[in-house]
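Numbers restart at 1 for each chain; the letters A, B, ... are given by sequence-line order, proteins then strands.
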Amino acid sequence: MRYAAPTTVDEAVGLLAADADARVFAGATDLIPQIRSGRPEPSVLVDLKRIDRLVGVGESGGTWTVGAATPTSTLTADEAFTGAFPGLSEASGLIGSDQIQNRSSWGGNLCNASPAADSVPALVANAVRAVVAGSNGERTVPVEEIVTGPGQTSLADDEFVVEFQVDTPPAHTADAYLRLIPRTEMDIAVVGAAVRLTMDGGTCTAATVALGAVAPTVVRVPDAEAALVGSTLDDATLEAVAAAASAACNPIDDKRGTIEYRRQVAGVLAKRAATIAAERANA
Amino acid sequence: MATVHLQANHAAFTDGVRELEVDGATVGAVIDELATRFEGLGPLLREGSSVAIDGELQPKGTIYAAVGPDADVHFLAPIAGG
Amino acid sequence: MINRTHVHCTVNGDEVDFLATDSTSLLDALRTELGLTGVKEGCGTGDCGACSITVDGALNCACLMFAPEAEGREIGTVEGIAQGDHLHPLQETFLEGAALQCGICTPGFLVAAKVLLDENPTPTETEIRYALAGNLCRCTGYDKIIHAVQEAAVQLNGAKS
Amino acid sequence: MTATENPPSKYKYVGTRPVRHDGLDKVTGKARFAADLDLTGQLRGAIVRSPHAHARIVSIDTSAAEAMPGVKSVVTGADFPAIDPSDSAHDEAVNNIARDEALYVGHAVAAVAATTMEEARAAAAAVEVEYEVLPAVLSIDEAIAEGAPIANSTNRTLFTGDTEPSNIASVGPFQRGDVDAGFAAADVIVERTFTTKAVHQGYIEPHACVADVGQDGKATIWASSQGHFAVRSKTAKILGWGTDKIKVTPAEIGGGFGGKTTIYLEPIAVRLSQKAGRPVKIVMTREEVLRATGPAPASKIHMKMGATKDGELTTIQGTLHYSNGSAKGYAALTGAMSIASYKFPNLDLMAIGTVDNTPKSAAYRAPSAPQAAFAIETLIDEVADQLEMDPIELRLKNAVVEGDPTAMGAPHPKIGFIETLEAIKNSEHYNSPVPEGAGRGFGTGFWFNIGEQSSATVNLNEDGTATVITGSPDIGGSRASMALMAAEELGLDVHRITPIVADTESVGFTDITEGSRATFATGMAVVNACRDLIEQMKERAAVMRGVAADQVAWIDGAAVIEGPPSEGADPVSIAEITAAAKMTGGPLTATASLNAAGAGPSFAAHLADVRVDEETGQVEILRYTAAQDAGTAIHPSYVEGQMQGGSAQGIGWALNEEYIFSADGVMQNAGFLDYRMPVASDLPMIETIIVEVPNPSHPYGVRGVGETGIVPPIGTLANAIADQTGVRMTNLPMSPPNVLKALNER
């Protein structure tokens with residue numbers, strides 16, 4: 001296993017194109033445990049953190065750009081970013097301990113393609129786009145098109161995510177992310193729920209609901225979104241949101257939770273996240 | 001004579017007797033006497049038991065501990081710790 | 001030796017050079033190449049914090065870094081917390097408050113707590129508990145560790161005013 | 001003078017809170033744990049482990065591994081002498097390295113030593129083991145099922161004389177009175193079945209050792225262990241060597257909790273070193289620790305209890321199954337025996353230990369008591385509920401006192417259970433309102449504590465300082481306790497005393513630091529050695545003052561001359577005596593050893609406020625208080641630390657910790673991510689109340705406090721959950737999915 005620390009995107013693409021077993025990494029917070037547990041080692045480890053473009057967060061002309069290897073602690077510490085995307089910020093802040101937060105990144109969290117990745121439901125709820133670089137140049141795709149299944153992405157061998165783009169939310173729009181873990185910290189989500197709402201005088205005018213850890217990939221819940229739009233988030237609406245979220249799940253039984261548990265709690269978290277997002281949007 | 005108290009698992013070898021009078025100046029002598037009276041009981045008392053004399057737990061594996069003429073001797077399941 | 005990379009970095013304020021294979025973790029390199037055995041391995045997967053170090057001032061698990069990633073970085077370990085024979089207030093309050101039993105997790109807790117107090121001089125109990133949630137202790141139930149961090153914060157703030 | 005004032009302490013040093021002597025090294029990173037040691041020419045060892053829960057080892061081909069770069073030695077079970085299955089050392093030997101059968105996933109079957117860890121790992125992967133997979137048994141229910149496959153062909157039920165292989169390790173009935181009459185006399189009868197999963201001790205330091213076999217054939221071992229003399233005797237037995245050929249030096253130990261009373265690596269490291277002619281270090285990964293070292297047993301306990309309407313507990317009847325994992329053991333017996341807190345006139349308990357194809361279980365802090373206490377404390381709480389009695393009053397009414405029988409019938413010595421219950425009853429916590437929407441639970445625990453063998457040497461140095469040398473590895477501050485007791489005896493400042501834990505060739509034999517025995521038994525040896533020294537110092541002072549020895553008294557750390565001709569002369573200090581020692585008979589040193597009788601049982605009572613999120617099943621602990629009878633607290637901070645640490649472990653056991661096995665016996669959560677021990681944000685402060693009912697069998701009244709604290713939390717939290725939700729949790733862990741399922745079923 002050889003380590004390489006390219007300083008440009010082209011250099012990194014070149015390393016990937018030259019060796020099919022090369023692998024990019026940012027925090028390695030998943031990669032190192034995977035290698036320790038016996039996954040085959042990549043031939044070349046391509047460290048993306050020395051490429052300037054991959055580290056940083058900023059807003060310009062109504063679009064936020066987040067480098068794919070930016071430590072999530074940078075995002076949670078950025079007051080302007082957190083003000084614009086409170087749910088996305090809190091989801092980013094839930095990826096592991098403070099130690100992990102200084103290593104983990106959206107790029108890694110997304111491309112590791114774990115169904116339980118905390119940032120991904122919030123990325124989807126905010127319609128975040130990924131800018132992907134490869135031998136054929138760059139392309140921009142919605143994040144939900146990156147992950148195709150557990151551990152599987154649509155990226156070619158010579159491609160990696162360079163940065164993320166997300167539009168500044170319209171007025172009275174806010175997001176929220178909740179997850180269920182057995183402890184208070186240091187766990188992988190058993191269920192995650194991201195909700196983004198636009199409110200107009202107490203009535204919801206736009207809604208996105210995305211669930212994590214309840215299916216092979218992040219699940220959008222159109223029935224919950226439909227129930228929210230036009231509502232004032234009264235109890236009946238919230239129960240409808242919960243029912244729709246539970247119905248949208250396609251979970252598995254594993255060491256972290258049962259099918260029944262994930263279904264039930266997905267509904268609980270969806271309705272709670274919707275309530276928080278509405279409060280934020282109304283504020 | 002000391003009064004010896006046995007556990008229910010000891011009683012499998014003693015026809016159900018759980019309390020009996022035994023002559024013996026030491027734990028070892030008491031065990032030897034019991035082993036003679038009840039076939040199969042010896043190994044359980046020697047290797048699989050702790051002993052309390054008049055309520056005080058004795059060092060593990062003790063056979064020389066003195067047993068007074070009116071002592072209460074309890075053979076217990078083995079006690080360990082963590 | 002195959003693929004030994006030369007790494008130049010700063011450790012506890014001293015410039016150091018070492019050689020490590022590319023797949024070596026920074027934890028192993030610190031322990032075996034530099035003899036900094038105060039950095040402990042409890043899990044090797046970033047879940048216990050016993051190997052907590054600072055990298056350019058930020059808290060990290062040394063087990064989750066490849067040694068070559070340290071190139072040009074400033075690394076801080078438990079061995080660098082005391083200034084000469086002068087203990088850091090956290091080290092003092094851990095000792096005075098019996099905030100350690102077996103001591104295997106102590107170096108990681110001290111590094112993490114120092115980062116916390118450097119960034120947030122007046123943390124609440126809840127903030128301390130979440131800031132230290134990446135460090136497992138199995139002996140103390142955390143109670144005396146939290147108290148020791150609170151006491152160190154008081155001492156540090158008293159020293160400043 | 002008011003009744004609430006504490007009486008002035010009898011002691012000058014005992015009961016104070018000095019900084020521990022080994023503390024500085026531990027806050028600066030200098031303390032040397034076993035994995036921190038590197039010897040010149042040292043090799044690294046790696047273990048080959050079974051991927052099967054149960055398999056016959058048909059053959060092992062090590063030739064490819066031996067030919068790999070850097071590899072210096074390879075061993076298999078054939079490199080160790082066969083030990084007869086009837087020998088009590090057999091199971092631990094086989095657990096160190098399998099011979100004919102692999103008994104669980106992770107069981108060691110071979111090992112290699114190579115110049116680097118990478119080479120060792122690669123070579124371990126190249127050892128070719130041919131297995132014949134056998135049917136496996138993975139739980140208590142599977143083990144006792146009719147026609148179950150035999151999990152371990154060498155197991156015979158202990159002390160029954162049975163000669164046929166069996167999945168039953170031990171059977172232990174405990175009986176007194178007449179349970180049928182007891183139930184007939186009862187107005188309330190409660191009955192439930194409880195299940196608990198295997199849980200790990202979870203020490204943060206993985207097992208590690210370094211072994212170096214010299215040209216003279218002698219082995220030196222540096223080990224992370226609760227008892228280095230036990231490492232020596234067990235390693236000697238497994239290798240077939242004399243103990244004179246093995247020296248074990250205790251490294252600092254990064255937690256044990258019972259899990260480091262047994263050995264896993266040392267015989268293998270010695271054999272690898274002997275074959276290679278170089279030192280060998282072996283350090284387990286966390287995954288290996290979880291897959292291959294001893295958890296506390298899973299259990300299944302059926303219990304039925306009766307009480308009269310005025311709250312008298314009349315009867316207890318139960319069957320307690322405990323899994324010993326892949327080997328025989330006493331887990332179930334110990335569990336049943338630990339039911340010793342209440343005066344049940346009628347008792348009928350059947351303890352059944354089972355054997356299966358999961359890792360061989362090991363001791364864990366008050367071994368087997370937490371599982372049984374979960375059942376007992378839940379049922380008593382239900383009785384209190386049904387009788388509408390205060391849960392503490394009900395327990396006070398039935399609590400054992402001196403002379404009352406344990407489950408085995410032997411009378412309790414002097415104990416402080418009543419005082420411990422009253423400490424909680426009088427606490428601010430108990431007398432404060434339960435937070436809105438929350439639940440409050442109460443539970444208790446008991447542990448015997450043990451004595452065993454200890455040795456101590458105390459040397460007085462020429463300047464009047466002292467060195468206290470013992471053989472008890474210090475896991476949680478026991479060096480400070482030894483120094484405090486020596487300080488009290490000698491009248492010497494505690495920081496002029498250096499407590500040392502010496503290797504197996506530098507101090508007398510000492511049993512393992514287990515059973516809450518170090519401060520009790522080793523402390524007694526230290527006290528005895530100090531008393532011997534005081535007699536010697538009195539004689540020296542008599543020589544120095546020209547008086548008869550019986551004219552010298554030892555008062556406040558100095559020899560005081562009484563009677564003519566030196567009446568009224570200045571006392572002779574320790575420093576003066578030691579400075580003059582070469583003129584009065586040479587160095588002052590004393591050694592004491594003992595096999596301690598009279599260990600004092602310790603009782604604990606815990607109180608918790610919890611809030612259950614009834615939509616998700618999450619349990620938040622709002623407040624937690626632990627009271628425990630320490631006898632006498634030598635160093636109160638470390639007594640509190642034991643109570644807090646035990647509480648936190650019990651809380652983890654109660655809420656989220658469990659071994660999760662796949663259908664083929666592979667542990668699914670072999671890491672700290674999914675083996676969920678409490679993190680700092682999971683817990684509140686753990687308030688402590690130290691109760692002191694001195695143990696009359698110890699010079700300072702010490703009982704030992706290490707273990708009891710883990711016993712009450714499970715029942716305490718289950719009772720708190722029931723208080724809020726009305727739901728009795730009977731299956732551990734009380735994790736969000738399990739709690740929500742129970743809530744859904746209410």
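Note on D:I660, D:N669, D:D674, D:V679: by heavy-atom pairs under 4.5 Å with chain A, the leading option is D:D674. Most heavy-atom pairs under 4.5 Å with chain A: of the set D:Q668, D:R121, D:R676, this distinction falls to D:R676. Interface remark: of the candidates A:D254, A:D187, A:V265, A:T258, A:D187 forms the most heavy-atom pairs closer than 4.5 Å to chain D.
Contacts between D:D682 and chain A at a heavy-atom distance below 4.5 Å involve backbone atoms as well as side-chain atoms. Of the two parts of D:S735, neither the backbone nor the side chain holds a non-hydrogen atom closer than 4.5 Å to a non-hydrogen atom of chain A.
Considering all non-hydrogen atoms of both residues, A:Y261 and D:P736 come closest at OH-CB, 3.1 Å. Here the shortest heavy-atom pairing between A:G257 and D:P737 reads CA-CG, 4.4 Å. Heavy-atom minimum distance, A:S37 versus D:E287: CA-OE1, 4.2 Å.
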Test side chain to side chain contact (heavy atoms under 4.5 Å, CB included) on A:K255 and D:L673 and set out the steps. CA-CA 11 Å; A:K255 60 193 170 191; D:L673 181 63; over 6 Å; no

Run the salt bridge (Lys or Arg N to Asp or Glu O under 4.0 Å) check on D:E615 and A:R272 step by step: do they pass? CA-CA 11 Å; D:E615 285 189 318; A:R272 289 182 182 179; 2.8 Å; yes

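When the shell of 6.0 Å around CD of A:E79 is examined, it contains 12 or fewer heavy atoms from other residues, nucleotides or ligands. Annotation: A:D234, atom CG; neighbour count of heavy atoms from other residues, nucleotides and ligands within 6.0 Å is above 12.
Under 3.5 Å, the side chains of D:N744 and A:Q264 contain a donor-acceptor pair of N or O atoms.
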